[in-house]
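Since the structure comes first, as structure tokens, the remarks are kept for the end.
A, B, ... follow the sequence lines: proteins, then strands. Residue 1 opens every chain.
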2 protein chains.
Amino acid sequence: MNIGMNIGQAASASGVSAKMIRYYEEIGLIRPSARTANNYRIYSEDEVHVLRFIKRARSLGFSLEETERLLALWQDRERESAAVKAVATSHIADLERRIGEMQTMVKTLKHLAHCCSGNARPDCPILEDLAGNGAEGADPSFAHTRDG
Amino acid sequence: MNIGMNIGQAASASGVSAKMIRYYEEIGLIRPSARTANNYRIYSEDEVHVLRFIKRARSLGFSLEETERLLALWQDRERESAAVKAVATSHIADLERRIGEMQTMVKTLKHLAHCCSGNARPDCPILEDLAGNGAEGADPSFAHTRDG
DNA sequence: TGTAGGGCTTCCCATCATGGGAAGGTCAAG
DNA sequence: CTTGACCTTCCCATGATGGGAAGCCCTACA
């Protein structure tokens with residue numbers, strides 16, 4: 001029925017946990033819902049629609065702040081699509097930057113792992129790299145010689 | 001020289017901030033340093049070497065927990081390089097998984113942004129997708145059929 | 001000798017988004 | 001009338017880092 005759902009029903013209808021619905025309300029991302037006489041939150045279909053919007057935005061990696069902006073644009077019939085596109089484009093750039101950083105890590109790690117025999121002996125180019133390229137890393141007996 | 005550095009000197013020598021050095025000590029990643037009479041921390045070259053190891057591991061994306069394991073292996077002359085390689089390999093897999101997730105987001109977002117005219121009018125396929133109205137055929141990653 | 005400054009110490013708070021759990025109210029079914 | 005499944009608020013934890021306050025210590029300089 002579209003009359004009203006309690007928070008648990010709204011959660012399963014939207015995919016947003018009850019915990020998160022309360023949190024979104026607390027930080028002002030969504031407006032406080034109506035309450036029943038016994039102080040239970042109740043949600044309309046429209047409010048669940050908003051929650052699904054948020055869920056989808058989050059699943060595309062938008063931050064809550066970006067999601068808030070997108071939500072405002074969605075609800076603004078006078079919006080310019082350019083504003084929406086700008087949010088998306090900047091998010092794409094951010095994702096690509098982070099992907100690039102991680103790919104650099106993967107490339108280095110794969111090289112090191114490839115060079116590591118991965119057997120029962122202690123010699124390990126991965127540790128040598130972490131220790132600072134050197135042969136020094138092979139035998140770190142100097143470490144933790146303080147105290148006892 | 002190599003007699004002793006205070007925390008600020010150790011920080012600039014290792015690239016790890018003083019704040020983080022104290023934190024690593026607090027969580028047990030590094031051992032508490034010696035102190036001077038006036039309670040200042042002092043670091044040896046060896047301890048700075050450990051800090052650089054941590055710095056390098058972090059820059060390759062290892063978590064502090066993984067870094068702790070790598071550090072222990074580094075300092076264990078009886079280690080098997082297979083153990084080190086296992087940590088690295090699992091980290092590579094994690095990175096690749098996250099890269100994949102982000103690439104999926106980028107792909108969807110680029111498609112939506114491409115379809116968005118980005119002008120002064122309100123029509124916007126990006127918002128339509130987020131609202132769930134749009135062409136769900138475009139990317140049905142909607143299916144969060146993960147409940148139970 | 002006094003003071004300014006910079007470094008050090010500990011302690012608390014904030015981030016970002018989410019979950020866990022306690023203590024207590026409320027409702028529906030048995 | 002009990003049991004259990006909801007709901008409520010409140011506090012705490014995560015991971016890794018930074019900000020900043022209050023206070024101690026040392027050095028340099030007038």
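Counting to the nearest Å, the C1' atom of dC25(D) and the CD1 atom of I42(B) are 15 Å from each other. Rounded to whole angstrom, the span from the CD atom of Q9(A) across to the P atom of dC27(C) amounts to 15 Å. Rounded to whole Å, atom P of dG7(C) lies 12 Å from atom CZ of R22(B). Between the P atom of dT9(D) and the OH atom of Y40(A) lies a distance of 11 Å, rounded to the nearest Å. Taking atom CZ on R41(B) and atom C1' on dC25(D), their separation rounds to 15 Å, with Å as the unit. Counting to the nearest Å, the C1' atom of dA16(D) and the CG atom of L51(B) are 16 Å from each other. The CD atom of E26(B) sits 11 Å away from the P atom of dT14(D) (whole-angstrom rounding). One can place CG of N39(B) at 9 Å from C1' of dT10(C), the figure rounded to the nearest angstrom.
The aromatic rings of W74(A) and F53(A) lie parallel to each other, their planes meeting at an angle below 30°, with 60° marking the opposite boundary.
Checked by atom type, the side-chain pair N38(A)/T36(A) shows a donor-acceptor distance below 3.5 Å. There is a side-chain donor-acceptor pair under 3.5 Å between S81(B) and N119(A).
The side-chain heavy atoms of E45(A) and M5(A), taken from C-beta on, include a pair separated by under 4.5 Å.
Nearest to the side chain of I7(A), among dG25(C), dC8(C), dT8(D), sits dT8(D). Residue R35(A) places its side chain closer to dT8(D) than to any other of dT8(D), dC26(D), dG19(C). Set against dT10(C), dT8(D), dG7(C), the side chain of N6(B) has dG7(C) as its closest nucleotide.
Under the 4.0 Å criterion applied to side-chain N and carboxylate O atoms, R41(A) and E25(A) are assigned as salt-bridge partners. In this structure, R97(A) pairs ionically with E101(A), as a charged nitrogen and a carboxylate oxygen lie closer than 4.0 Å.
Applying the 4.0 Å criterion to OP1 and OP2 of dC24(D), one finds that N38(B) has every side-chain N and O outside that range. Put simply, S17(B) has no side-chain N or O that comes within less than 4.0 Å of OP1 or OP2 on dT17(D).
Placement of L112(A) and I99(B) within a single hydrophobic cluster is found when ILVMFWY residues are connected by side-chain heavy-atom separations under 4.5 Å, directly or transitively.
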Treating primed atoms plus P, OP1 and OP2 as sugar-phosphate and everything else as base, which nucleotides of nucleotides 11-17 of chain C get B, S or - for protein heavy atoms under 4.0 Å?
B-----B
